[in-house]
Amino acid sequence: MNTVTVGIVGAGYASHLHCSGYRKVHGASVRLKTICDVDTGRAEKMASSHGIEETCGDFRALLEDKEIDLIDICTPPNLHAHMIKDALSAGKHVICEKPLTGYFGTDGDPQPIGKAVSKRKMYEMVSKEVDELLNAVKSSGRQFMYAENYVYAPTVRKAAEIIENKKSRILFMKGEESLAGSSSPVAGRWDRTGGGSLIRVGSHPLSGVLWLKQVEARARGEEIKVRKVCCDTGVATSVLGESERNCIRANPYDVEDLATLTLTFSDGTKALIVASDTVLGGTNNFIEIYAHDAALICRLTPPGNMDTYFLDEKGLEKTVLAEMLPTSVGWQHVFVADEILRGYTGELQDFVESAMQNRQPLSGIDLAAETIRIIYAAYWSAEEGRAIEL
């Protein structure tokens, strides 16, 4: 395969990030043939912005197109599972945004499901679907690529290199992704997102921590699994009055806006994950690693490269200084080459090479499956107020 021909489904923010990554792929030819979205106007706008050849409104058109080698799934989470299965059945390689799947409700569920449905039931049903997806991927002969940018962030990759070379024993890790809410109008609904801040933003540092622990295990010739999870979730913004909600964009209906998750690994070591929709100042994302012979701090947002100061925003309408900031006024830490520093460029490079060579990516189905299982075990833990043994 000399050229990887791509069909993208979903024309939202994730597809924009992916298309920007495809443009930077080197040593391989990428053809962006089709973008599919039920909102054809949005698909046409994305096609125009990124040089995609054509648009469509029916996912089946991507499945039936024999020229398409790779289907890139950038849809809302509740569509992921069936699209993955359909794409694999059609003989396509698959890229899928996080999360792999989730619990979005079944017929007869009491409403709202985030408050009324047992999290143990959710865990059991999600685990069953994860097993089906694992079998579908491993029997397909195609590659599944999990779009987890933390794995590809240069700081995390350098930490992995150090851990591998030194054979460091990681004792404790701490990962966080926090911000001041989501721009998505459905982010507060369990039936659309499968949960709140933990699944929506906490899945990133969680996957990063899990991946680094596996780097350690391979380097030391050991097998290390997550043995126990203990989680606490809440709705911190419930204390805010209407006049106090002008800065925080979190609007939880039946999901959490704050979560802390502690992992205990089979070797007795620990990790802490924090996910929040209550933090002003932009996106706060990092992983800290404390080993027996090293301390490594991996920052994904690129502060310190460039600072700006403005008294007004005149002329800045088309300039993006940083993600998730409501204003450009005053001092700002500008994101420079953030698509590289946050991992999106390396992610798409690896995925295109994986499809071209039919080889496994760094971030694949096993990481996707473990991440989502742990997230739902965490929700179970939070609901029952106890640790869950895995």
*Taking S48 for the side chain and E44 for the main chain, is one N or O donor matched with an acceptor at less than 3.5 Å?*
no
*Take W380 and R386 through the test side chain to side chain contact (heavy atoms under 4.5 Å, CB included) and record every step on the way to the result.*
CA-CA 9 Å; W380 180 10; R386 64 181 181 90; 3.8 Å; yes
_From S183 atom OG to R249 atom CZ, the distance as rounded to the nearest 0.5 Å_ = 5.5 Å
*Start with the C-alpha distance between E132 and K85, add both sets of side-chain angles, then the distance that settles salt bridge (charged side-chain N to carboxylate O under 4.0 Å, His left out), and finish with yes or no.*
CA-CA 9 Å; E132 293 173 359; K85 294 172 187 175; 3.1 Å; yes
*May I ask whether F335 and V201 are part of the same hydrophobic cluster, defined by side-chain heavy atoms of I, L, V, M, F, W, Y residues being less than 4.5 angstrom apart, directly or through others?*
no
_Within the structure provided, determine whether I170 and T269 are in side-chain contact (heavy-atom separation under 4.5 Å)._
no
*Would D267 and K213 pass as an ion pair if we require N to O under 4.0 Å?*
yes
*Start with the C-alpha distance between S20 and R23, add both sets of side-chain angles, then the distance that settles side chain to side chain contact (heavy atoms under 4.5 Å, CB included), and finish with yes or no.*
CA-CA 5 Å; S20 297; R23 289 205 304 267; 4.0 Å; yes
*Using 30° and 60° as the class limits, which term best fits the ring planes of Y376 and W190: parallel, tilted or perpendicular?*
perpendicular
*Heavy atoms, side chains only, cut-off 4.5 Å: are L88 and V94 in contact?*
yes
*asked:* Using every non-hydrogen atom in the two residues, find where S207 and E148 come nearest and quote the distance to one decimal.
replied: CB-CG, 3.5 Å
*For the side chain of S178 and the backbone of N284, is there at least one donor-acceptor N/O pair under 3.5 Å apart?*
no
_How close do A275 and L198 get, counting heavy atoms only, and between which atoms?_
CB-CA, 4.0 Å
*asked:* Around atom CZ of R299, are there more than 12 heavy atoms from other residues, nucleotides or ligands closer than 6.0 Å?
replied: no
*Could you check R359 against E353 for salt bridge (charged side-chain N to carboxylate O under 4.0 Å, His left out), going step by step and ending with a plain yes or no?*
CA-CA 8 Å; R359 65 157 176 81; E353 291 178 2; 3.1 Å; yes
*asked:* Strictly distance-based, threshold 3.5 Å: is any side-chain N or O of T371 a donor or acceptor partner for the main-chain N or O of S203?
replied: no
*Are L134 and V226 in one and the same hydrophobic cluster, where Ile, Leu, Val, Met, Phe, Trp and Tyr link if side-chain heavy atoms are under 4.5 Å apart?*
yes
*Can you label the angle between the Y146 ring and the F144 ring as parallel, tilted or perpendicular, going by 30° and 60°?*
parallel
*Please report the shortest heavy-atom distance between K119 and E383, naming the atom on each side.*
N-OE1, 3.0 Å
Solution key, residues 300-308 side-chain donor-acceptor pairs under 3.5 Å, sequence neighbours excluded:
unit_1, atom_1, unit_2, atom_2, d
T301, OG1, N285, OD1, 3.3
N305, ND2, P302, O, 3.4
D307, OD1, H333, ND1, 2.9

_A250 to R245 - nearest heavy-atom pair and separation_ = O-NH1, 3.8 Å
_Can you tell me how far apart CE (M83) and CG (L63) are? Round to the nearest 0.5 Å._
8.5 Å
*Check the pair I163, L296 against side chain to side chain contact (heavy atoms under 4.5 Å, CB included), reporting the backbone distance first and the verdict last.*
CA-CA 10 Å; I163 290 165; L296 310 169; 4.2 Å; yes
*With salt bridge (charged side-chain N to carboxylate O under 4.0 Å, His left out) as the test, would you mind laying out the steps for E124 and R120 before giving the verdict?*
CA-CA 6 Å; E124 291 171 348; R120 178 172 183 168; 3.2 Å; yes
*Please check if the side chain of S266 supplies one atom and the backbone of K225 the other of a donor-acceptor pair under 3.5 Å.*
yes
*Hey, quick one: are V156 and I340 part of the same hydrophobic cluster, counting side-chain heavy atoms closer than 4.5 Å, chains of contacts allowed?*
no
*Spacing of L179 atom CG and S197 atom OG [to the nearest 0.5 Å]*: 9.0 Å
_Are more than 12 heavy atoms, taken from residues, nucleotides or ligands other than E244, located less than 6.0 Å from that residue's CD atom?_
yes
*With a 4.5 Å heavy-atom cut-off, do L272 and F172 have their side chains touching?*
yes
*Between T101 and E129, does any side-chain donor sit less than 3.5 Å from a side-chain acceptor?*
yes
*asked:* Restricting to non-hydrogen atoms, name the atom on T278 and the atom on D257 that form the minimum distance, rounded to 0.1 Å.
replied: CG2-O, 3.9 Å
*asked:* My understanding is that only residues two or more places apart in sequence, or in another chain, count here; which of them pass salt bridge (Lys or Arg N to Asp or Glu O under 4.0 Å) with E323?
replied: R342
*Are Y290 and V274 connected, step by step, through hydrophobic side chains (Ile, Leu, Val, Met, Phe, Trp, Tyr) whose heavy atoms are closer than 4.5 Å?*
yes
*Side chain to side chain, T237 and D277, heavy atoms closer than 4.5 Å*: no
*side chain to side chain contact (heavy atoms under 4.5 Å, CB included) between V329 and E313, worked out*: CA-CA 6 Å; V329 174; E313 296 182 294; 3.7 Å; yes
*Enclosure of K121 NZ (heavy-atom neighbours >12, cutoff 6.0 Å)*: yes
*Just by distance, with hydrogens left out, do D232 and T260 show a side-chain donor and acceptor under 3.5 Å apart?*
no
*Do other residues, nucleotides or ligands put more than 12 heavy atoms under 6.0 Å from H26 NE2?*
no
*Please examine the side chains of E347 and V151, heavy atoms only from C-beta on, and report whether any two atoms are closer than 4.5 Å.*
no
*asked:* Please check this pair: side chain of Q143 against backbone of S354, looking for a donor-acceptor N/O pair closer than 3.5 Å.
replied: no
*L348 and side-chain contact (heavy atoms from CB on, under 4.5 Å): which partner among L17, I95, N149?*
I95
_Heavy-atom check, side chain of L261 versus side chain of I374, under 4.5 Å_ = yes
*Which of these, N78, D191, D109, sits in a side chain to side chain donor-acceptor pair (under 3.5 Å) with Y103?*
D109
*Taking side chain as C-beta onward, heavy atoms only, is K98 less than 4.5 Å from H80?*
no
*How about Y152 and Q349: does a side-chain donor come under 3.5 Å of a side-chain acceptor?*
no
*What distance do D254 atom CG and T193 atom OG1 have between them, rounded to the nearest 0.5 Å?*
8.0 Å
*Measure the NZ-CG distance between K92 and D86 for me, rounded to the nearest 0.5 Å.*
12.5 Å
_Pair K158 + E161, salt bridge at N-O below 4.0 Å_ = yes
*Decide whether L390 and W211 are clustered together by the hydrophobic rule: side chain heavy atoms of Ile, Leu, Val, Met, Phe, Trp, Tyr closer than 4.5 Å, transitively.*
yes
*Kindly compute the distance separating SG (C96) from CD1 (I365), expressed to the nearest 0.5 Å.*
8.5 Å
*asked:* For Q360, is the CD atom crowded, meaning more than 12 foreign heavy atoms sit under 6.0 Å from it?
replied: no
*Between D366 and K138, does at least one N-O distance fall below 4.0 Å, as a salt bridge requires?*
yes
*Is a side-chain donor or acceptor of D65 paired with a backbone partner of A61 at a separation under 3.5 angstrom?*
no
*Does the side chain of T155 come within less than 4.5 Å of F286's, by heavy atoms?*
no
_Minimum heavy-atom distance between I199 and E256, given as atom pair plus value_ = N-OE2, 4.3 Å
